[in-house]
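Have a look at the structure below, then the notes.
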Amino acid sequence: MLNRLAVATNERYLEKETQALAQSLCLDYMYLLDPLKFVTNYDYLLLNTVDGVSVAKTGKGAPKPVFVDFTSGAADHRRRFGGGRGQDIAKAVGLNKRADLSVLDATAGLGRDAFVLACLGCTVSLCERVGFVRALLKDGLERGSLHHEVADIVNRMSLLATDIRGLSTSNQFDVVYLDPMYPHTEKSSAAAKKEMAFFRDLVGKDLDADHLLPHAMALAEYRVVVKRPKGAPFLDQQEPTYQLEGKSGRFDIYVSKSLEAS
Ligand SMILES: C[S@@+](CC[C@H](N)C(=O)[O-])C[C@H]1O[C@@H](n2cnc3c(N)ncnc32)[C@H](O)[C@@H]1O
């Protein structure tokens, strides 16, 4: 089904920029006084409101709109109580060996992992190829950069090319981090399933994910880290140097040069 997502605002003063956003994403534009009550021909709306840019499902009983929000909720909780450099993601990228890593998050999505890495001191460049996801990220980064508690962290994150394949090998990063979409498993929690339903519906499954690994290897000076769900095959069928197993998933680590030797 085509045209499942449209762009809308409920503010006259945001009309021009929302129209421009719709145009840049090749999506229909609407001005709606009460976008969430208005039943549209679209399954989802990308909303530009006074609170920022969000994605909302249309129709009765739809969950709350989803924002990229680094200032409250899960991101804020993880920043304050997440376990610092003891977290698996920190060990996976090598923060236990070096403190000041540059990381390319080549599958940025909603920027949750990138934010965790930036909280731990990394400088993070983000690639995201899906236009509306980039719009959510851009808005989250802008709002975060104005927030006194997270501005310094968010200022270590920058939205880069749309796709890692557009980067030349003159761009080198200490670490390249990959977390491509993987076919949904029924094991995720009900709340997570609901919140992320829009992602599965609109972004799809990243069926070309295997192609990411060689590009990542060419851009990573020290290592490539691939986040995988439990039981998922290796990306591109390439066996990693080593793995870190967690409760719900694992990190596959491909080492090209030792961080300790640097
Ligand atoms: C599972 S999500 C990543 C979630 C992310 N780690 C987070 O913490 O929010 C995968 C994302 O990678 C993006 N993606 C997949 N392949 C890509 C590519 N070749 N270039 C840029 N983005 C890509 C998808 O559009 C999707 O948004």
Side-chain angles (χ1 to χ4, degrees), residues 5 7-9 11 13-14 16-25 27 44-56 64-80 82 87 89-90 93 95 100-164 166-167 171 173-181 195-196 198-199 202-203 219 225 227:
L5 176 68
V7 184
T9 187
E11 297 284 351
Y13 81 97
L14 290 173
K16 243 186 173 165
E17 75 169 51
T18 313
Q19 266 167 344
L21 177 63
Q23 204 169 14
S24 71
L25 299 175
L27 294 171
Y44 291 94
L45 292 176
L46 185 65
L47 296 172
N48 189 16
T49 68
V50 67
D51 297 322
V53 178
S54 62
V55 168
K64 283 198 293 192
V66 176
F67 293 81
V68 168
D69 183 9
F70 300 122
T71 66
S72 63
D76 183 52
H77 188 269
R78 178 110 181 238
R79 173 173 70 87
R80 291 191 286 140
Q87 298 174 74
I89 189 171
V93 297
L95 280 168
D100 58 338
L101 295 170
S102 66
V103 179
L104 171 67
D105 181 347
T107 54
L110 300 177
R112 292 161 301 183
D113 291 335
F115 181 69
V116 171
L117 292 171
C119 285
L120 298 174
C122 299
T123 306
V124 191
S125 306
L126 300 91
C127 289
E128 173 52 53
R129 66 177 167 186
V130 175
F132 86 87
V133 181
R134 277 178 78 84
L136 292 173
L137 257 179
K138 183 169 171 283
D139 175 68
L141 290 169
E142 280 167 7
R143 277 182 294 104
S145 72
L146 301 174
H147 189 275
H148 66 287
E149 273 189 50
V150 297
D152 286 351
I153 298 166
V154 168
N155 289 339
R156 283 197 290 276
M157 301 166 72
S158 50
L159 200 46
L160 210 68
T162 51
D163 195 306
I164 191 174
L167 293 178
N171 297 281
F173 303 88
D174 294 327
V175 178
V176 178
Y177 182 84
L178 301 175
D179 173 23
M181 297 285 278
E195 194 198 316
M196 292 314 291
F198 84 93
F199 220 75
L202 294 171
V203 175
L219 295 175
V225 174
K227 184 177 177 181

Shortest non-hydrogen contact from Ala114 to Asp105? CB-OD2, 3.6 Å
To the closest 0.5 Å, what do you measure between SG (Cys119) and CD (Gln87)? 8.5 Å
Greater than 12 external heavy atoms within 6.0 Å of Glu142's CD: yes
Flag, side chain of Thr9 to backbone of Thr18, donor-acceptor distance under 3.5 Å: no
Between Leu160, Val103, Leu167, Asn171, which is the residue that forms a side chain to side chain contact (heavy atoms under 4.5 Å, CB included) with Ser125? Leu160
Apply the test side chain to side chain contact (heavy atoms under 4.5 Å, CB included) to residues Phe115 and Val68: give CA-CA distance (whole Å), side-chain angles for both, the deciding distance (0.1 Å), then the verdict. CA-CA 11 Å; Phe115 181 69; Val68 168; over 6 Å; no
Roughly how far, to the nearest 0.5 Å, is CG of Leu46 from CG of Leu202? 9.5 Å
Side chain to side chain contact (heavy atoms under 4.5 Å, CB included) between Thr71 and Glu149: does it pass, once the steps are laid out? CA-CA 8 Å; Thr71 66; Glu149 273 189 50; over 6 Å; no
Distance from Asp69 atom CG to Leu110 atom CG, nearest 0.5 Å? 11.5 Å
For Thr107, is there any backbone N or O sitting under 3.5 Å from a side-chain donor or acceptor partner on Arg129? no
Between OG on residue Ser72 and CZ on residue Phe67, distance to nearest 0.5 Å: 10.0 Å
Heavy atoms of Arg79 and Ile153 approach each other most closely as CD-CD1, 3.6 Å
Answer yes when Arg156 and Asp152 have at least one side-chain N-carboxylate O distance shorter than 4.0 Å, and no when they do not. no
Test item: Asp139 side-chain N/O and Val53 main-chain N/O as donor-acceptor pair under 3.5 Å: yes
Polar side-chain atom of Glu128 near backbone of Val130 as donor-acceptor pair, under 3.5 Å: yes
If you measure from NZ on Lys16 to CG on Leu21, what distance do you get to the nearest 0.5 Å? 15.5 Å
Identify the two heavy atoms, one from Leu141 and one from Val154, that lie closest to each other, and give their separation to 0.1 Å. O-CG1, 3.3 Å
Let me see the working for Ser102 and Asp174 under side chain to side chain contact (heavy atoms under 4.5 Å, CB included), right down to the final yes or no. CA-CA 5 Å; Ser102 66; Asp174 294 327; 3.4 Å; yes
Report the distance from atom OH of Tyr177 to atom CG of Leu104, rounding to the nearest 0.5 Å. 12.5 Å
